[in-house]
2 protein chains.
Amino acid sequence: MFQQLFKSIQEKVLLTQEEMELCKTFFIPKKLRKKQTLLQEGDICIYNAFIEKGILRSFTMDEKGNEHIVQFAIEGWWITDLSSFLTNSASVYTIEALEDSELLLLTTSAREALMDKIPMFERYQRLLLQNAYIANQARINSALTETAEEKYINLANAYPGIVKRVPQHMIASYLGLTPETLSRVRKQINNRK
Amino acid sequence: MFQQLFKSIQEKVLLTQEEMELCKTFFIPKKLRKKQTLLQEGDICIYNAFIEKGILRSFTMDEKGNEHIVQFAIEGWWITDLSSFLTNSASVYTIEALEDSELLLLTTSAREALMDKIPMFERYQRLLLQNAYIANQARINSALTETAEEKYINLANAYPGIVKRVPQHMIASYLGLTPETLSRVRKQINNRK
DNA sequence: AATTTTAATTGATTTAGATCAATAGCATTT
DNA sequence: AAATGCTATTGATCTAAATCAATTAAAATT
C-alpha cells in the first residue's frame with residue numbers, strides 16, 4: 001500500500017524506520033473507481049492525494065461546458081487543488097479518476113502535523129513543490145511559444161506514459177487544443193513519416 | 001537594505017533576533033541599473049534573487065527573435081531560473097532589470113546552509129513555493145481558457161502595479177499576445193466605457 | 001451478438017489573433 | 001529645437017486553429 005509513497009520520499013530525503021512508521025499513521029487509504037471524483041468544483045479540497053496506483057485528472061468547466069484539463073497525475077505523483085486545500089476556499093477544479101485508482105490521502109492538519117514532527121517530510125514537500133514549479137514554468141513557456149504540433153510532440157516525448165493511457169480528446173484539452181485540431185496534427189505527423 | 005526581505009519573511013514565519021542577524025550574513029547585496037541583466041540565457045543561474053527595490057523580468061527568445069516574458073517580479077518578490085539554479089544546468093531564460101533595482105542574492109549553497117541552520121527559513125521557502133505554484137496554475141488555466149481581452153482585464157485587476165509600471169508591449173508578451181492585438185483590445189475596452 | 005454510447009476522423013467554413021506596413025506620439029540625446 | 005530611437009496606434013491582409021456538421025470507428029452495456 002505504501003510502496004510508491006516511500007519510493008517517492010526516499011528519492012528525495014532520508015527517513016528513519018520510526019519516522020516511516022509514524023508517517024503511515026497520518027495517511028488515509030482510499031480507492032476510487034474510474035469516473036469517481038476526489039473533489040467536486042465548488043467544494044473545499046480537504047485532501048492532498050498521493051497516487052499509489054491509477055491515474056487522475058483535475059479540470060475546470062467553462063460557461064460553454066467545455067472542460068479544460070489542468071493536470072494529469074499517475075502513480076508516484078501527488079494531486080490536489082492546492083489553493084483550496086491551503087486556504088479552505090471553494091475549489092475551481094474537479095479531480096476525477098480516469099482508471100480505478102488507489103490513493104493515500106493527507107488532510108491539511110495531518111500534513112502540517114507531519115511536517116512539524118518530521119522535518120525531513122517538510123523538506124520532501126518543498127522539493128516536490130520545486131519540481132512542480134519548474135514543470136509549470138515550462139508549461140507556461142510552451143503555451144506562449146509553441147505551435148499546436150510542437151506542443152503535442154513535446155508532451156508525447158516528455159510523458160509518453162500519459163499520452164498512451166489517456167483518451168486523445170483529453171490530451172487535446174490539456175494542450176489547449178480542440179479534439180479536431182489534435183486529430184489533424186497527428187495525421188500530419190504520420191504523413192511525414 | 002533588508003526591510004522588504006524581513007517583511008516578507010515575517011508575513012510567513014517567525015524568526016528570532018539572532019536568526020535574523022545570521023540570515024543577513026548569507027545574502028549578497030547587488031544593484032542593477034535599468035537594462036542590466038542578472039542572468040544571460042545559456043549561463044548557469046547561480047543566484048536566487050530577492051528584490052528590495054525595482055522590477056525585473058525573465059524571458060526567452062525564440063528563433064524569430066521574439067521575446068516571451070515568463071515572469072515579472074517587483075519589490076518583495078523573488079526571481080530566479082529555478083531549474084538552472086537547482087540543477088546547475090544552462091539557463092533558458094534571461095533575467096533583466098526594467099528599472100534601477102536593488103537585490104539580495106542567495107547562492108545555492110547559501111540557500112541550503114540557511115535552510116539547514118534555520119528550519120523556519122526552509123518553511124518560508126516552502127510557503128513561497130506554494131504561492132508560486134498556485135499562481136502558475138492560475139496562469140496556465142488562464143492561457144487555456146481566456147480570450148485576449150479577458151487575459152488583459154484579469155491581469156490588470158490582479159497586478160495593477162505591474163501593468164502601470166511596464167511598457168505595454170511587454171504586458172502583451174507576458175500574456176502571449178502581439179503588441180498590436182493588445183493595443184486593439186485596450187481600445188475596445190475604452191470604447192465601451 | 002446487437003445496441004447504445006463515446007471517441008476519432010474528415011470536410012467546409014469561420015474567426016480571433018498574427019503579420020505586414022505605415023504613421024503618429026513620446027522621450028532622450030545631441 | 002532638431003534629430004534619433006523607442007512605443008503605441010491604426011489599417012489591410014493572412015493564417016492557424018476553432019467551429020459546425022457529418023461519418024466512421026471503437027468501447028461499453030444490455
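Order of the sequence lines sets the chain letters (A, B, ...), proteins ahead of strands, with each chain counted from 1. Just so it is clear, the values below take in all heavy atoms, side chains as well, and ignore hydrogens, waters and symmetry mates.
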Side-chain donor/acceptor of B/Asn154 to backbone N/O of B/Glu150, under 3.5 Å: yes

Residue-level proximity of residues 155-174 of chain B to DNA chain D when a heavy atom falls under 4.0 Å: B/Pro167, B/Gln168, B/His169

Nearest atoms (heavy-atom pairs only) where A/Leu182 meets A/Ala172: CD2-N, 3.6 Å

A/Asp100 with A/Arg33: basic N within carboxylate O range, under 4.0 Å: yes

Given A/Leu98, A/Val163, A/Ile79, the one that forms side chain to side chain contact (heavy atoms under 4.5 Å, CB included) with A/Phe72: A/Leu98

Approximate separation, where rounding is to 0.5 Å, of A/Phe2 CZ and A/Ile9 CD1: 9.5 Å

Please list every donor-acceptor pair under 3.5 Å in which a side-chain atom of residues 47-56 of chain B meets a protein atom from a residue at least two apart or in another chain.
residue: B/Glu52; atom: OE1; partner: B/Gln4; partner atom: N; Å: 3.2
residue: B/Glu52; atom: OE2; partner: B/Gln4; partner atom: N; Å: 3.2
residue: B/Glu52; atom: OE2; partner: B/Leu5; partner atom: N; Å: 2.8

Pairing residues for A/Lys31 by the side-chain contact (heavy atoms from CB on, under 4.5 Å) criterion, not counting sequence neighbours: A/Glu102

Segment of DNA chain D, first to last nucleotide, that comes within the 4.0 Å heavy-atom reach of chain A: D/dA17 to D/dA28

Atom pairs and distances, donor-acceptor, side-chain atoms in residues 127-139 of chain B, under 3.5 Å, two or more places apart:
residue: B/Arg139; atom: NH1; partner: B/Val70; partner atom: O; Å: 2.5
residue: B/Arg139; atom: NH2; partner: B/Ile69; partner atom: O; Å: 3.4
residue: B/Arg139; atom: NH2; partner: B/Tyr174; partner atom: O; Å: 2.9

Separation of B/Leu155 CG from B/Ile162 CD1 (nearest 0.5 Å): 7.0 Å

Check: B/Ser83/B/Tyr93 side-chain N/O donor and acceptor closer than 3.5 Å: no

Annotated protein contacts, base or backbone, on nucleotides 13-30 of chain C with a non-hydrogen cut-off under 4.0 Å, one of B, S, - each: ----SSBB----------

Short side-chain N/O contact from A/Lys187 to OP1 or OP2 of C/dT9, under 4.0 Å: no

